[in-house]
Amino acid sequence: MKENPLVLKAVQYIKADYNDYEIRNFLLEEGAAEDEVEDILEEASAILKEEQVQINSKKYKVFFVLFVVLFVTSFYYFLFVLPAKIESASIIYPLLGSILICLFGILSFVYFGTWNKDTLRKIGSVHLKFDVLFFFMMLPVILMCAFLNSVFEDAANDILKKDHIEVVGTVISNTVTKKLVSGRITNIKIAVEFNTLEGEKIIADKEVSPYEFNQIYEGQEVNVVYSRTNPHNIDVLLFDDAIRKFKNSLERDIILQDLTNLIGLEKEQVGVELNKIIYGWKYDNNKKAWFNERKNIGVSVHENKVSYLSLNAQYANFLLERNGFVVINKSESGLLFKKGNLTASLQLLSTGNNEEEPFSVLIIERIKS
């Protein structure tokens with residue numbers, strides 16, 4: 001059906017942004033009758049509305065595809081690529097990622113199906129209200145940020161565990177953050193200074209628990225593991241959880257079976273077995289014994305005998321009684337126990353300082369049959 005030339009003229013005038021009064025005068029000058037101007041304008045408006053429907057249909061389909069691609073790309077990048085690339089547990093990256101992911105995800109949802117022409121004829125165009133958009137983004141951003149933060153932390157920890165270098169560092173400062181109202185500690189960080197194998201001086205932060213914080217002081221030397229690819233990704237080998245993770249040791253108390261299993265082993269093998277239980281044993285050639293300064297304990301093995309030195313006499317006595325050893329002799333020097341082909345003597349050695357606990361020496365010997 002051929003369009004009325006006057007309708008097409010009216011379409012041109014409307015596109016040229018003339019006002020209604022000017023358009024009416026133009027149409028009258030073109031030969032339109034007074035009573036048909038209103039119909040011409042309605043037809044022109046209908047044509048323009050349909051043109052806008054066609055334009056919006058294509059545009060919104062492009063918007064939808066674009067936002068879906070951006071959503072998938074940002075989700076993949078912040079979930080799989082960036083955590084391994086930067087090795088950082090900083091909240092900045094998870095927060096940025098959660099904002100972008102939620103923004104593109106919500107916009108994808110908003111524009112889904114908006115290219116349908118029948119729908120567009122009913123609702124017209126899509127009008128975004130950014131205040132409403134940001135309101136609906138708040139909860140998803142918080143949840144996504146928490147999720148991404150755990151992903152970044154896990155990635156940094158995994159890389160550090162797989163490829164790390166161990167050096168000695170020094171605690172140079174600490175920062176304690178408290179809630180203003182309750183005064184409860186919410187965050188504690190220590191700053192550790194160390195030199196990499198290449199000689200670069202690094203100052204890195206490490207978050208610690210209140211319990212760990214109470215055992216750390218400024219100027220304290222600590223064993224530090226840092227990532228080969230990012231020296232600021234560190235952990236401090238001062239507490240059981242970190243040592244278990246990086247040294248694969250059990251980090252538990254020595255039990256009696258551990259000691260009896262050492263009888264008859266060579267020096268190097270004794271060290272291997274001890275470090276499986278507790279990390280940090282070093283051999284003293286002068287005293288012919290293994291010592292763990294972190295736990296204040298020592299072990300020596302000679303043929304069919306093992307000696308255990310500690311500051312906890314009650315624990316040594318508990319080990320013997322729990323494992324069925326019976327006291328067969330008491331003297332000023334100590335106690336003598338026996339069980340089967342094993343004898344055990346428990347003695348106390350003074351440190352020379354009355355204010356300090358005496359050392360306990362537990363000697364277990366296997367009687368040769």
Side-chain angles (χ1 to χ4, degrees), residues 209-212 214-215 223 237-369:
S209 68
Y211 169 76
E212 294 169 338
N214 290 331
Q215 302 179 56
N223 283 6
L237 298 183
L238 197 59
F239 306 105
D240 291 348
D241 287 343
I243 293 171
R244 285 191 194 97
K245 181 168 65 176
F246 291 99
K247 297 301 178 181
N248 295 318
S249 57
L250 298 174
E251 294 305 307
R252 59 165 174 78
D253 292 330
I254 296 284
I255 61 175
L256 199 66
Q257 187 176 352
D258 297 329
L259 297 174
T260 57
N261 288 342
L262 298 176
I263 297 176
L265 297 182
E266 297 295 328
K267 181 183 74 174
E268 291 76 12
Q269 191 60 35
V270 170
V272 171
E273 294 302 318
L274 287 174
N275 277 296
K276 287 180 181 178
I277 304 167
I278 303 173
Y279 166 74
W281 293 90
K282 294 180 180 179
Y283 189 73
D284 188 319
N285 283 308
N286 294 325
K287 297 180 179 179
K288 305 297 181 183
W290 290 89
F291 290 94
N292 191 305
E293 294 182 0
R294 188 168 58 89
K295 297 292 186 178
N296 287 321
I297 53 179
V299 170
S300 65
V301 179
H302 302 283
E303 296 182 357
N304 63 329
K305 178 170 66 174
V306 59
S307 301
Y308 176 63
L309 178 69
S310 75
L311 285 171
N312 193 338
Q314 291 182 343
Y315 180 68
N317 189 72
F318 167 75
L319 285 179
L320 294 171
E321 292 180 349
R322 182 182 181 184
N323 286 273
F325 278 75
V326 179
V327 177
I328 59 174
N329 188 28
K330 294 183 179 181
S331 66
E332 292 183 0
S333 60
L335 301 173
L336 183 64
F337 297 79
K338 190 175 188 302
K339 178 186 177 183
N341 66 338
L342 294 175
T343 62
S345 63
L346 180 59
Q347 304 172 0
L348 298 181
L349 297 179
S350 174
T351 61
N353 187 338
N354 292 331
E355 294 182 359
E356 294 182 357
E357 285 188 61
F359 282 104
S360 69
V361 180
L362 173 61
I363 303 174
I364 301 174
E365 184 173 0
R366 181 173 286 134
I367 302 172
K368 294 182 179 179
S369 55

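Contact detail for Lys288 and Ser300: the closest heavy-atom pair is O-CB, 3.6 Å. The shortest non-hydrogen separation linking Lys295 to Ile278 is CG-CG2, 3.8 Å. Scanning both residues, Val301 and Leu265, for their nearest heavy atoms gives CG1-O, 4.4 Å. Of all the heavy atoms in Val327 and Lys330, the pair that sits closest is CG1-CG, 3.9 Å.
Contact of the Asn312 side chain with the Phe318 side chain is not registered, since no non-hydrogen atoms from C-beta on lie closer than 4.5 Å. Looking at heavy atoms from C-beta onward, Lys247 lies in side-chain contact with Leu237 at the 4.5 angstrom threshold. The closest side-chain heavy-atom distance from Glu365 to Glu303 is not below 4.5 Å. Residues Val306 and Val270 are not in side-chain contact: their nearest non-hydrogen atoms beyond the backbone lie 4.5 Å or more apart. Contact of the Glu273 side chain with the Asn261 side chain is not registered, since no non-hydrogen atoms from C-beta on lie closer than 4.5 Å. At a threshold of 4.5 Å between non-hydrogen side-chain atoms, the residues Asn317 and Phe337 count as touching. Between Leu346 and Ser360, some side-chain heavy-atom pair lies under the 4.5 Å cut-off. In this structure, the side chains of Leu320 and Leu362 come closer than 4.5 Å at one or more pairs of heavy atoms.
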Next on the checklist: If you apply the rule side-chain contact (heavy atoms from CB on, under 4.5 Å), what do you find for Glu268 with Tyr283, and how did you get there?
Outcome noted: CA-CA 9 Å; Glu268 291 76 12; Tyr283 189 73; over 6 Å; no
Item to check | Stepwise side-chain contact (heavy atoms from CB on, under 4.5 Å) check, Ile364 with Leu256 | outcome: CA-CA 9 Å; Ile364 301 174; Leu256 199 66; 3.3 Å; yes
Item to check | Derivation of the side-chain contact (heavy atoms from CB on, under 4.5 Å) call for Glu293 and Lys282 | outcome: CA-CA 9 Å; Glu293 294 182 0; Lys282 294 180 180 179; 5.8 Å; no
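The distance from atom CG of Leu259 to atom CG of Asn323, rounded to the nearest 0.5 Å, is 10.0 Å. For the atom pair Leu319 CG and Gln314 CD, the distance stands at 12.0 Å (nearest 0.5 Å). With rounding to the nearest 0.5 angstrom, the CZ atom of Phe291 is 11.0 Å from the CG atom of Asn296. Note that the CD1 atom of Ile243 and the CG atom of Leu250 stand 12.0 Å from one another [nearest 0.5 Å].
Residues meeting the side-chain contact (heavy atoms from CB on, under 4.5 Å) test with Ile328, sequence neighbours left out: Leu336, Lys338. A search for side-chain contact (heavy atoms from CB on, under 4.5 Å) contacts involving Ile277 returns Arg252, Ile254, Asp258, not counting sequence neighbours.
The backbone N or O of Ile297 lies less than 3.5 Å from no partner atom in the side chain of Asn292, so there is not a single donor-acceptor pair. Under the 3.5 Å distance criterion, the side-chain polar atoms of Glu212 are matched with a main-chain donor or acceptor of Ser209. Side chain of Arg244 to backbone of Ser249: no donor-acceptor contact under 3.5 angstrom is found.
Atom CD of Gln215 has more than 12 neighbouring heavy atoms from other residues, nucleotides or ligands inside a 6.0 Å radius. Within 6.0 Å of the NZ atom in Lys305, the count of heavy atoms belonging to other residues, nucleotides or ligands does not exceed 12.
For the ring-ring contact (aromatic ring centres under 6.0 Å, His included) condition, no pair includes a residue of residues 252-281, sequence neighbours left out.
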